[in-house]
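To keep things clear, I will list the structure first and then write my remarks on it.
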Amino acid sequence: MHFTSEQRLDNGVLEREFTLGEIPGTLWTPESAAPAPLILMAHNNGLPKSQPRLVARARHSAASGYAVATIDAAGCGDRPRSAADEQARDELRRAMQAGLPVDEIFETLVGSLVERAVPEWRTTLDALLALPEIGGPVGYSGWTAVGIRLAVVEPRIAAAGFFAGGFVPRAQREEARQVTVPLLLLLQWDDEGNPRQRALDLFDSFGSKEKTLHANPGGHVGTPWFEVEDGVRFFGRHLT
């Protein structure tokens, strides 16, 4: 892991950009002498790690005492896209403009992103836990499809907060039954692009004995800020 820049924010949080091979990432660490528990934070469906809503959540969580890391995994953010990625995105745009069904296109696009992203998240986790300022345990927050796969294959994930606003491929909907860590699922009740019943069925599928659903009225980007604060409290119960 090679740090390429750093800045100290007004709240004492240290924000650093890093590269790990071809993987670009950002790490936020609190102003603390003790090793901090870690939250891996991913934005839905491959949006960039610099997305303002993700950065705001990360900075708030770091100010609350957590190390927070995000990456642009393969095919995500500013990383190069394969010809198959570009073709799927073009098909998706055309289908949406024509008002045609898009689920099968999302299956292809998101399924491919998950398969490539999860190994890079695990590589990043190895490197992060080798840093003296990070002590674990580890939580995950954000992109549901990647989070489901990570929670299934990565025993170091101790708790997860998922956003129901992203498409979840069939493979991950099946894998949800294998997720057993404490879970918080956020649902926007009026999300125009993600059927409510699909999210409710997904919540029912999770195998976790401790799982909580928070639903708020409003569209896709209308999640209230207090859910970020509730998320910090959720991780406080399971990572400290």
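Please read these numbers as outputs of a predicted model, since none were measured by experiment. Along the sequence shown, residues carry numbers from 1.
Of the N and O atoms on the side chains of Glu175 and Gln172, at least one donor lies less than 3.5 Å from an acceptor on the other residue. Glu227 and His214 share a donor-acceptor pair across their side chains, judged by distance under 3.5 Å alone. A donor atom on one side chain and an acceptor atom on the other are not found under 3.5 Å apart for Ser5 and Glu17.
Crowding of Gln197 atom CD: a count of heavy atoms from other residues, nucleotides or ligands under 6.0 Å exceeding 12.
Cluster membership check: Phe162 shares its hydrophobic cluster with Phe203, using side-chain heavy-atom separations under 4.5 Å among Ile, Leu, Val, Met, Phe, Trp and Tyr. Taking hydrophobic clusters as Ile, Leu, Val, Met, Phe, Trp and Tyr residues chained together by side-chain heavy-atom distances below 4.5 Å, Leu113 shares a cluster with Leu125. Under a hydrophobic clustering in which Ile, Leu, Val, Met, Phe, Trp and Tyr are joined whenever their side-chain heavy atoms come within less than 4.5 Å, directly or via other members, Val68 and Leu129 fall into different clusters. Hydrophobic clustering (side-chain heavy atoms under 4.5 Å, transitive across Ile, Leu, Val, Met, Phe, Trp, Tyr) groups Tyr140 together with Leu213. Criterion: ILVMFWY side-chain heavy atoms under 4.5 Å apart, direct or through other members. Under it, Val228 and Leu38 are not part of a common hydrophobic cluster.
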Exercise. So Arg149 and Glu154, salt bridge (charged side-chain N to carboxylate O under 4.0 Å, His left out) or not? Walk me through it.
Worked result: CA-CA 8 Å; Arg149 173 64 61 82; Glu154 181 50 74; over 6 Å; no

Problem set entry | Trp28/Leu14 under side-chain contact (heavy atoms from CB on, under 4.5 Å): CA gap, chis, key distance, verdict | CA-CA 6 Å; Trp28 295 265; Leu14 182 62; over 6 Å; no

For this session: Could you go through the side-chain contact (heavy atoms from CB on, under 4.5 Å) check for Phe226 and Asp230 one step at a time?
Result: CA-CA 6 Å; Phe226 65 72; Asp230 283 352; 4.0 Å; yes

For this session: Evaluate the salt bridge (charged side-chain N to carboxylate O under 4.0 Å, His left out) criterion for residues Glu120 and Arg79: first the C-alpha distance (whole Å), next the side-chain angles of each, then the deciding distance (0.1 Å), finally the verdict.
Result: CA-CA 13 Å; Glu120 293 198 345; Arg79 296 281 296 278; 3.0 Å; yes

For this session: Check the pair Met41, Lys49 against side-chain contact (heavy atoms from CB on, under 4.5 Å), reporting the backbone distance first and the verdict last.
Result: CA-CA 9 Å; Met41 194 168 285; Lys49 65 183 179 62; over 6 Å; no

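Scanning both residues, Gly139 and Leu239, for their nearest heavy atoms gives N-CD1, 3.7 Å. Across all non-hydrogen atoms, the minimal contact from Leu185 to Ala199 is CD2-O, 4.0 Å. Ala88 and Ile105 get closest at one heavy-atom pair: O-CG2, 3.4 Å. When all heavy atoms are compared, the tightest approach of Phe234 to Gly161 is CE2-N, 4.3 Å. Considering every non-hydrogen atom in both Ala36 and Gly65, the closest pair reads CB-O, 3.6 Å. Considering every non-hydrogen atom in both Ala176 and Ile148, the closest pair reads N-CG2, 3.9 Å.
Of the inter-residue distances, the one linking Ile134 atom CD1 with Leu131 atom CG reads 5.0 Å to the nearest 0.5 angstrom. Here the straight-line distance linking atom NZ of Lys211 with atom CG of Leu184 works out to 13.0 Å at 0.5 Å rounding. Separation of atoms CG (Leu100) and CD (Glu91) is listed at 11.5 Å; rounding is to 0.5 Å. Phe206 contributes atom CZ, which lies 4.0 Å from atom CG of Leu202 (distance to the nearest 0.5 angstrom). To the nearest 0.5 Å, the span separating CG on Leu27 from CE on Met1 amounts to 7.0 Å. In this structure, Glu6 CD and Leu9 CG are separated by 11.0 Å, a value rounded to the nearest 0.5 Å.
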With a 3.5 Å cut-off and sequence neighbours excluded, list the donor-acceptor pairs that the side chains of residues 163-170 form with protein atoms.
residue	atom	partner	partner atom	Å
Arg170	NH1	Glu104	OE2	3.0
Arg170	NH2	Glu104	OE1	3.4

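Using a distance-only test at 3.5 Å, with no hydrogens or angles considered, a donor-acceptor pair links the side chain of Arg196 to the main chain of Trp189. For the pair Arg8 (side chain) and Gly12 (backbone), a donor-acceptor distance under 3.5 Å is present. Counting only distance, with no hydrogens or angles, the side chain of Glu133 and the backbone of Pro35 share no donor-acceptor pair below 3.5 Å. Between the Arg122 side chain and the Leu150 main chain, no donor and acceptor come within less than 3.5 Å of each other. In this structure a side-chain-to-backbone donor-acceptor pair under 3.5 Å is missing from Ser208 to Leu183.
His43 places none of its side-chain heavy atoms less than 4.5 Å from the side chain of Ser50. Contact annotation: the side chain of Asp72 never approaches that of Ile23 to less than 4.5 Å [non-hydrogen atoms, C-beta and beyond]. Contact annotation: the side chain of Cys76 approaches that of Trp143 to within less than 4.5 Å [non-hydrogen atoms, C-beta and beyond]. Side-chain contact between Arg16 and Thr26: absent, with no pair of heavy atoms (C-beta onward) separated by less than 4.5 Å.
Checked against Leu40 for a side-chain contact (heavy atoms from CB on, under 4.5 Å), the options Thr124, Ile71, Leu128, Val146 give a single hit: Leu128.
Between Asp126 and Arg156 there is a salt bridge, since a side-chain N of the basic residue sits under 4.0 Å from a carboxylate O of the acidic one. Salt bridge Arg198/Asp103: present, at least one basic N to carboxylate O contact under 4.0 Å. Under 4.0 Å is where a charged nitrogen must lie from a carboxylate oxygen, and between Asp201 and Arg173 no such pair does.
Counting only residues at least two apart or in different chains, side-chain hydrogen bond (donor to acceptor under 3.5 Å, both in side chains) contacts with residues 52-70 comprise Glu15-Arg59.
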